[in-house]
Protein chains: 2
Amino acid sequence: MTRAEAAHAADRPDDGARRIPDRLRRRASRQLSQLTTRSDRLINEGLAQADARKWHYAVLASLQDFGPASQATLSKRTGIYRSDMVGVLNELAERHLVERAPDPADQRRNIITISAQGRRRLRRLDKVLDVLHDELLAPLSPAERDQFMQLLTRLLDHHTQNS
Amino acid sequence: MTRAEAAHAADRPDDGARRIPDRLRRRASRQLSQLTTRSDRLINEGLAQADARKWHYAVLASLQDFGPASQATLSKRTGIYRSDMVGVLNELAERHLVERAPDPADQRRNIITISAQGRRRLRRLDKVLDVLHDELLAPLSPAERDQFMQLLTRLLDHHTQNS
DNA sequence: CGCCATCGTTAGTCGCACTAACGGTGGCGG
DNA sequence: CCGCCACCGTTAGTGCGACTAACGATGGCG
């Protein structure tokens with residue numbers, strides 16, 4: 001029995017209490033969950049200081065890059081459910097970052113348009129996110145960050161294709 | 001205005017509806033969240049078929065690798081909050097996978113021990129998880145999987161050290 | 001004209017991370 | 001010895017994100 005193994009004992013409150021089983025550390029799913037929890041917290045707190053949430057960014061970016069769209073289209077583009085989109089757009093409209101107008105050609109739809117103020121906000125959020133991501137990826141070299149993003153994207157694409 | 005920019009139109013319901021802004025695809029935090037959502041769903045559904053949850057695995061693995069422990073110690077080792085640990089241990093005890101006994105040396109504590117049945121279950125869950133992770137990491141070569149895990153772990157360690 | 005799909009909206013579910021507060025117990029310093 | 005503080009397990013509740021169900025209103029199509 002090695003010293004490490006001997007250190008398990010339930011009567012050793014602090015000794016090995018924080019040790020994490022290898023079985024867990026080897027599981028990609030767990031590392032992913034854990035990292036995402038921390039990443040989300042980092043981003044949410046950072047954006048909160050700019051009176052924003054990550055959904056705001058997703059919607060503004062989508063509007064900026066692809067132009068005005070209905071709420072349903074925005075849902076598909078951002079991955080936000082249309083049920084939740086309602087609230088997000090309320091928040092954005094309150095802040096005058098987007099405008100919500102009925103589509104004259106189809107009365108079921110609203111056409112969402114980004115405002116000048118929305119564009120400014122988007123530019124600012126981009127900067128904020130740059131800083132936050134620099135913190136998130138701090139331990140990685142530029143090459144490693146690229147590598148990480150590439151692997152991440154390949155995995156995500158694979159699991160997204162059937163949907 | 002480029003053709004790409006011209007293609008935005010709100011009146012093009014399906015054309016570019018599913019296109020995802022580059023701004024979003026470049027953000028590690030977003031790719032992480034998205035992938036984790038899918039990963040979690042995959043693992044949860046897989047474990048559900050074995051009448052288990054990922055928390056079960058974490059607790060059983062911790063007990064197997066480090067021996068009996070108090071609930072507080074298990075909390076620290078698995079990352080499960082002690083508030084939630086109660087329910088997890090109830091589920092595990094119901095299934096006779098662990099035993100919960102008061103610590104004679106300290107009446108505040110329970111000593112949790114893995115049972116023979118628990119050990120069997122752990123072995124089975126390990127196999128189930130192997131299969132699920134193979135599906136999760138399907139698009140990556142063995143070398144790339146190692147690389148991915150290494151990058152993931154370095155990031156997580158960096159964001160875990162202060163806590 | 002009748003049927004079905006789509007749109008925005010409301011409400012509600014589920015899992016997970018996390019906080020607050022409790023009664024009970026233990027350890028330690030004065 | 002005793003008073004205070006830290007720790008333990010437990011209960012309850014919060015907040016958020018993903019997701020479902022159902023609605024009334026509208027549109028498209030056979």
Side-chain angles (χ1 to χ4, degrees), chain A residues 10-11 13-14 17 29-30 32-45 47-48 52-59 69-76 78-91 93 98 100-112 159-160 163, chain B residues 10-11 13-14 17 29-30 32-45 47-48 52-56 58-59 69-76 78-91 93 100-112 159-160 163:
Chain A
D11 48 356
D14 283 327
S29 61
R30 180 163 212 272
L32 266 176
S33 301
Q34 297 269 121
L35 182 57
T36 297
T37 296
R38 273 141 181 100
S39 163
D40 281 353
R41 182 157 48 221
L42 182 72
I43 268 64
N44 283 334
E45 288 173 357
L47 287 181
R53 303 200 278 133
K54 55 180 179 167
W55 284 350
H56 296 188
Y57 179 76
V59 169
S70 69
Q71 299 187 191
T73 299
L74 281 176
S75 272
K76 289 168 196 152
T78 57
I80 305 172
Y81 273 67
R82 57 182 182 151
S83 343
D84 303 320
M85 184 60 74
V86 182
V88 175
L89 290 178
N90 286 341
E91 293 174 3
V98 303
R100 199 198 237 138
D103 186 341
D106 184 341
Q107 295 196 281
R108 292 171 303 178
R109 296 185 184 173
N110 289 336
I111 296 185
I112 314 299
H159 289 284
T160 309
S163 139
Chain B
D11 47 358
D14 282 327
S29 63
R30 180 165 212 272
L32 266 177
S33 301
Q34 297 269 122
L35 182 57
T36 297
T37 296
R38 274 144 181 97
S39 163
D40 281 353
R41 184 157 46 219
L42 182 72
I43 268 65
N44 283 334
E45 287 174 357
L47 287 181
R53 303 200 280 132
K54 55 180 180 165
W55 284 349
H56 296 188
V59 169
S70 69
Q71 300 187 192
T73 300
L74 281 176
S75 271
K76 289 168 197 152
T78 57
I80 305 171
Y81 272 67
R82 56 183 184 150
S83 343
D84 302 320
M85 183 61 73
V86 182
V88 175
L89 291 178
N90 286 342
E91 293 173 2
R100 200 198 238 139
D103 186 340
D106 185 343
Q107 294 197 280
R108 293 171 301 176
R109 297 184 184 174
N110 289 334
I111 296 185
I112 314 298
H159 290 283
T160 309
S163 139

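Predicted, not measured: the structure shown is a model, and the values here were computed from it. Note on naming: letters A, B, ... go to the chains in the order of the sequence lines (proteins, then strands), and numbering restarts at 1 for each one.
- Map A:Val86 and B:Arg53 each onto its nearest nucleotide of DNA chain C; the residue landing nearer the 5' end is A:Val86.
- Put simply, CG on A:Asn110 is 13 Å from C1' on C:dT6, counting in whole angstrom units.
- Taking atom CD1 of residue B:Ile80 and atom P of nucleotide C:dG15, one finds them 15 Å apart after rounding to whole Å.
- Mapping A:Ser33 and A:Leu89 onto DNA chain C via the closest heavy atom, the residue that lands nearer the 5' end is A:Leu89.
- When all heavy atoms are compared, the tightest approach of A:Ala58 to A:Thr78 is O-CG2, 3.5 Å.
- Nearest heavy atoms, B:Pro102 versus B:Asn110: CA-OD1, 3.9 Å.
- Nucleic acid contact class of A:Asp40 (heavy atoms, under 4.0 Å, all strands): none.
- The salt bridge (charged side-chain N to carboxylate O under 4.0 Å, His left out) test applied to A:Asp106 returns A:Arg108, A:Arg109, not counting sequence neighbours.
- Neither OP1 nor OP2 of C:dT9 sits under 4.0 Å from any side-chain N or O of A:Asn90.
- Contact check, B:Arg100 against D:dT10: a side-chain N or O comes under 4.0 Å of OP1 or OP2.
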Using the 3.5 Å cut-off, write out each protein N or O paired with an N or O of nucleotides 21-27 of chain D and the distance between them.
residue : atom : partner  : partner atom : Å
D:dG27  : OP1  : A:Gln107 : N            : 3.0
D:dG27  : O4'  : A:Arg108 : NE           : 3.4

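- One can place CD of A:Gln34 at 13 Å from P of C:dC16, the figure rounded to the nearest angstrom.
- Residues passing the side-chain hydrogen bond (donor to acceptor under 3.5 Å, both in side chains) test with A:Asn90, sequence neighbours excluded: A:Arg100.
- As rounded to whole Å, 15 Å separates atom P of C:dC7 from atom OH of A:Tyr81.
- Every residue was checked against the salt bridge (charged side-chain N to carboxylate O under 4.0 Å, His left out) condition with A:Arg82, not counting sequence neighbours, and none meets it.
- To the nearest angstrom, P of D:dG15 lies 16 Å from CD of A:Glu45.
- Taking atom CG of residue A:Asp103 and atom P of nucleotide C:dC7, one finds them 11 Å apart after rounding to whole Å.
- As a whole-Å value, the separation of B:Asn44 CG from D:dA18 C1' is 12 Å.
- At whole-Å resolution of the value, CG in B:Asp84 and P in D:dA12 are 14 Å apart.
- In this structure, B:Gln71 reaches the D:dT10 phosphate: one of its side-chain N or O atoms is under 4.0 Å from OP1 or OP2.
- A:Gln34 pairs by the side-chain contact (heavy atoms from CB on, under 4.5 Å) definition with A:Arg30, A:Arg38, B:Leu156, not counting sequence neighbours.
- Shown here are the side-chain contact (heavy atoms from CB on, under 4.5 Å) partners of A:Ser33, two or more places apart in sequence or in another chain: B:Thr36, B:Asp40, B:Lys54.
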